[in-house]
Amino acid sequence: MRVTLQEILGFKKRGERFPMLTAYDYPTAKVVDEAGVPLILVGDSLGNVVLGYDSTVFVTMDVMIHHTAAVVRGARRALVVGDMPFMSYQTGTVTALENAARFLREAGAQAVKLEGGEIMAETIKALVDRGIPVMGHIGFTPQSAYQIGQRVQGRSIDAAEKLVRDAHAVEDAGAFAVVLELVPSELAKLITERLTIPTIGIGAGPDCDSQVQVVSDMLGLYTDFVPRHAKQFAHLADDMRSAVTTYSESVREGSFPTEENGSSLKDEVLTELEARLRKGAG
Ligand code: KIV
């Protein structure tokens, strides 16, 4: 049985912390799901960590649908959230509804996420009222990075107060959870205490109800850049490099493949084939 919104809200009610992770493809979703993570986000961060762009603004709806469908095929139990990409919801409620519906209908996601607080409240309400579960996302919102910079949000008194208002606006609009990205820990704690929906932190300290990490960060798929808010729980890039090196050496020296990795012809077939080829050559 797939995790429900009520179960996610139940975690908060019981004061039980829970993990969320991103996934962008079938095999990763399968592993994350099998490990018991109840919420998987198909983040538009895939623009950075899968497609190699330097911003999420290049990610399109078609790309998101393609990846979300693969994740849904891999995740049998986790609730899958599709991240609405840049300008798929900011231009109006109808566009937002149509695009959010694509995540559910074409990709099989159970919810969508969109960035923005008070400014997006009307859109969130429109989606929720029509039966589309929404996760909010406030603080640092990567789709606005050109405008707001890549930095911690809510440090000044006015900015902190605005973030509290944003959090309430998202909750009041009907979102079932809200991501707090790059928010000072004390502010994230305060918001977490005030909301009845779970807060999901990334670079927002230890006191959120949940934590989310970009899966490639926590698996150590990149060695050249590790964000400050990330922790590498594995070093897969090193493991992959070493596996590729060993494979290459094995091919070069002829120790791979062996008979075990292939199939063989029956002796009589081989003998007959050689005979026919000899006849053909004569
Ligand atoms: O796109 C993403 O991966 C996200 C998370 C960082 C919350 O929005």
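All ligand and atom numbering here is 1-based and tracks the order in the structure.
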All ring-ring contact (aromatic ring centres under 6.0 Å, His included) counterparts of F18, not counting sequence neighbours: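 If we apply the ring-ring contact (aromatic ring centres under 6.0 Å, His included) test to F18, skipping adjacent residues, the hits are F11.
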Atom CD of E7 with >12 non-hydrogen neighbours under 6.0 angstrom: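 Yes, because the 6.0 Å sphere around CD of E7 holds more than 12 heavy atoms from other groups.
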Salt bridge present between D166 and K162 (N-O < 4.0 angstrom):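 Yes.
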SB check D62 R102 (cutoff 4.0 Å):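 Answer for the salt bridge query: yes.
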Which N or O atoms of ligand 1 sit under 3.5 Å from a protein N or O, and how far apart is each pair?
from	atom 1	to	atom 2	distance (Å)
ligand 1	1 (O)	D44	N	3.2
ligand 1	1 (O)	D44	OD1	3.0
ligand 1	1 (O)	S45	N	3.0
ligand 1	1 (O)	S45	OG	3.3
ligand 1	1 (O)	D83	OD2	3.1
ligand 1	3 (O)	S45	OG	2.5
ligand 1	8 (O)	K113	NZ	3.0

Test side-chain contact (heavy atoms from CB on, under 4.5 Å) applied to I65 and R105, step by step: CA-CA 10 Å; I65 296 296; R105 195 189 277 154; over 6 Å; no
Interatomic spacing from CG in L187 to NZ in K189 - rounded to 0.5 Å: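 Answer for the CG-NZ pair, L187 versus K189, is 12.0 Å.
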